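Numbered from 1 within each chain, the chains take letters A, B, ... in sequence-line order. Just so we're clear, the structure is a prediction, and the values are computed from it rather than from any experiment.
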Amino acid sequence: MTDPVTTTPAPPPRDPMPPRDPAVRVTSLTKRYGGLVAVDDLTFLLEAGTVTGFLGPNGAGKTTTLRLMLGLAEPTDGEALVFGRPYRELDQPARRVGAVLESNDFHPGRSGGDHLQTLALAAEIPPSRVDEVLELVELAASADRRVKTYSLGMRQRLGLAAALLGDPELLVLDEPTNGLDPAGVHWLRGFLRSFAEEGRTVLVSSHLLAEVAQAVDQVMIIDRGRLVANARLDELARGDQTLEDVYLGLTTKAAL
Amino acid sequence: MSAALRAELFKQRSTRTVLGLLAAMLGLVLLVVLLHGLGLGAGNFDSTSNQRTALFGWGEVFGPLFAALLGATSITGEIRYGTIRPTFLVTPRRRRVVAAKVWASMLVGAGFGLVAGAVTAVVGTAALSARGIDVRLDAGDYALMVLGAAAASALWAAIGVGVGAVVRNQVPALVGIVVWLLFVENLLVGDIAGATGIGRLLPGAAAKAISGQDPDTLLAPAVGLVLLALYAAGAAWAGSLATSRRDVD
């Protein structure tokens, strides 16, 4: 068993302001399906204003962890708090957390604009904000088209638009680069950086290291449900060690 | 009106699912009412009760059936297409979502019932008049037929939401509703159990009873309404419980 790579937290700066709640506090989070342990005793914090890459092989438990964080699944043990509370107990969660878990969570016969409108109505967000996020992800011209006519990249952007409707403080994205062309990946990286520079927090899962390495400042690596690394990117990949070397050393090799 | 209800009503009008179901219902009502009204021998229409059973009761069959399909689709469609995830992310208190689906489906379902009842009344009357057969229904009977279909359809829409929430998989939920209403109940009520037995206490028979059909074998309209409302409340409660407890994939 490899020891988790962790960093010693820096001493907190002297600050007259009370410390902010971390955006996410996950404690001993565990999810079992029968005999299968999908998430195994996970503990981590996400500090506000950071972009964290959540890495691991397919099936390592990334998506399950995100579902537990977002109240879509109940943990077997432990807890996941978002802004100090379980997600399901947040008031107006869409105004604090935006999430994209699958790239195709749309009714194919509904237009992209109407998809956003259904969520805006439920979250009590004004319709003008729908137009704003459509502009932001460059889908305004396609808003009236049914989603079945959208390319995968357009669906990714529509999902992102839905997550941004409530102008959230925390953005959670599961494999957001699937289906994006290089220009789309570049755009997304820039977007995530500027999002975090406003003091907001991003958690982005991926199994593609190169795409993540250029966008994140914190890296968590999960393997078979266990957290095997949680450190700043520049501390993980030092000297000759690239992020890929660290990753391959810590995660289970796929059975050939 | 709550935000979740507004969202559910908008979901129903922003796809073609509801229009498709409405068109299918209208087509079936027209076909069956015309076939029976023009095709059955005049002896089938010699009393008020027979006219209801043979002809004017069809709105009470197809209104609730399609309202139930609409209610079930409102949740199984979201599971099928994955929109249940963004729905629950925005409204993580899932019982609110199910309640909003129940109310939205009841509202639209009542509309389905009104249309089914009214079309049955108009087309059935026209068919009998064209053949020179006296229509034995008075204004009160007509009103009961149309409003009864609306009430039964609204309540069956709620049952549909409950069935959809418990079954979750779209095709089995929809097939189950069709098979139950068109085959199982007909067998239990008509052929096997006998109408005076438990058959008349079943939810499809209670729906028919609301419009005053077959008073000798079915329940009185008011009793049918109360019984069907109990079924609807039970189904909605079961759907709410199932939805709040289960993980979303």
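Between A:R146 atom CZ and B:S14 atom OG the span is 11.5 Å, to the nearest 0.5 Å. For the atom pair B:T83 OG1 and A:R110 CZ, the distance stands at 6.5 Å (nearest 0.5 Å). Taking CD from B:E78 and NE2 from A:H107, the interatomic distance works out to 9.0 Å, rounded to the nearest 0.5 Å. Summarising the geometry, atom CG belonging to A:L121 is positioned 10.0 Å from atom NZ belonging to B:K11; distances are rounded to the nearest 0.5 Å.
Only the backbone of A:L90 comes within less than 4.5 Å of a heavy atom in chain B; its side chain stays farther off. Only the side chain of B:T17 comes within contact range of chain A, judged by heavy atoms closer than 4.5 Å. In this structure, the portions of A:A99 lying under 4.5 Å from any heavy atom of chain B include both its backbone and its side chain.
Among the candidates B:I84, B:L9, B:D249, the residue making the largest number of heavy-atom pairs closer than 4.5 Å to chain A is B:D249. Note on A:G98, A:A120, A:P93, A:S111: by heavy-atom pairs under 4.5 Å with chain B, the leading option is A:P93. Ranked by heavy-atom pairs under 4.5 Å with chain B, the first of A:G166, A:A94, A:P108 is A:P108.
Two residues are said to be in side-chain contact when any heavy atoms from C-beta on lie closer than 4.5 Å; B:L89 and A:Y87 meet this criterion. Counting heavy atoms from C-beta outward, B:R94 and A:R88 have side chains that approach closer than 4.5 Å. Counting heavy atoms from C-beta outward, A:R67 and B:R85 have side chains that stay 4.5 Å or more apart.
Heavy-atom contacts from other residues, nucleotides or ligands closer than 6.0 Å to CZ of A:R224 number 12 or fewer. By the 6.0 Å contact criterion, CH2 on B:W180 is enclosed, its count of non-hydrogen atoms from other residues, nucleotides or ligands being greater than 12. Remark: A:R129 CZ is packed, more than 12 non-hydrogen atoms of other residues, nucleotides or ligands lying under 6.0 Å away. Annotation: A:R25, atom CZ; neighbour count of heavy atoms from other residues, nucleotides and ligands within 6.0 Å does not exceed 12. Counting heavy atoms of neighbouring residues, nucleotides and ligands inside a 6.0 Å radius, atom CZ of B:R16 does not exceed 12 of them.
Residue B:P86 forms a side-chain contact (heavy atoms from CB on, under 4.5 Å) with just one option from A:L116, A:D105, A:L165, and that option is A:D105.
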Open item on the list: Run the side chain to side chain contact (heavy atoms under 4.5 Å, CB included) test on A:E124 and B:R6 for me, step by step, so that the C-alpha distance in whole Å, both residues' side-chain angles and the decisive distance to 0.1 Å come before the verdict.
Closed with: CA-CA 10 Å; A:E124 299 184 89; B:R6 271 195 293 274; 4.2 Å; yes
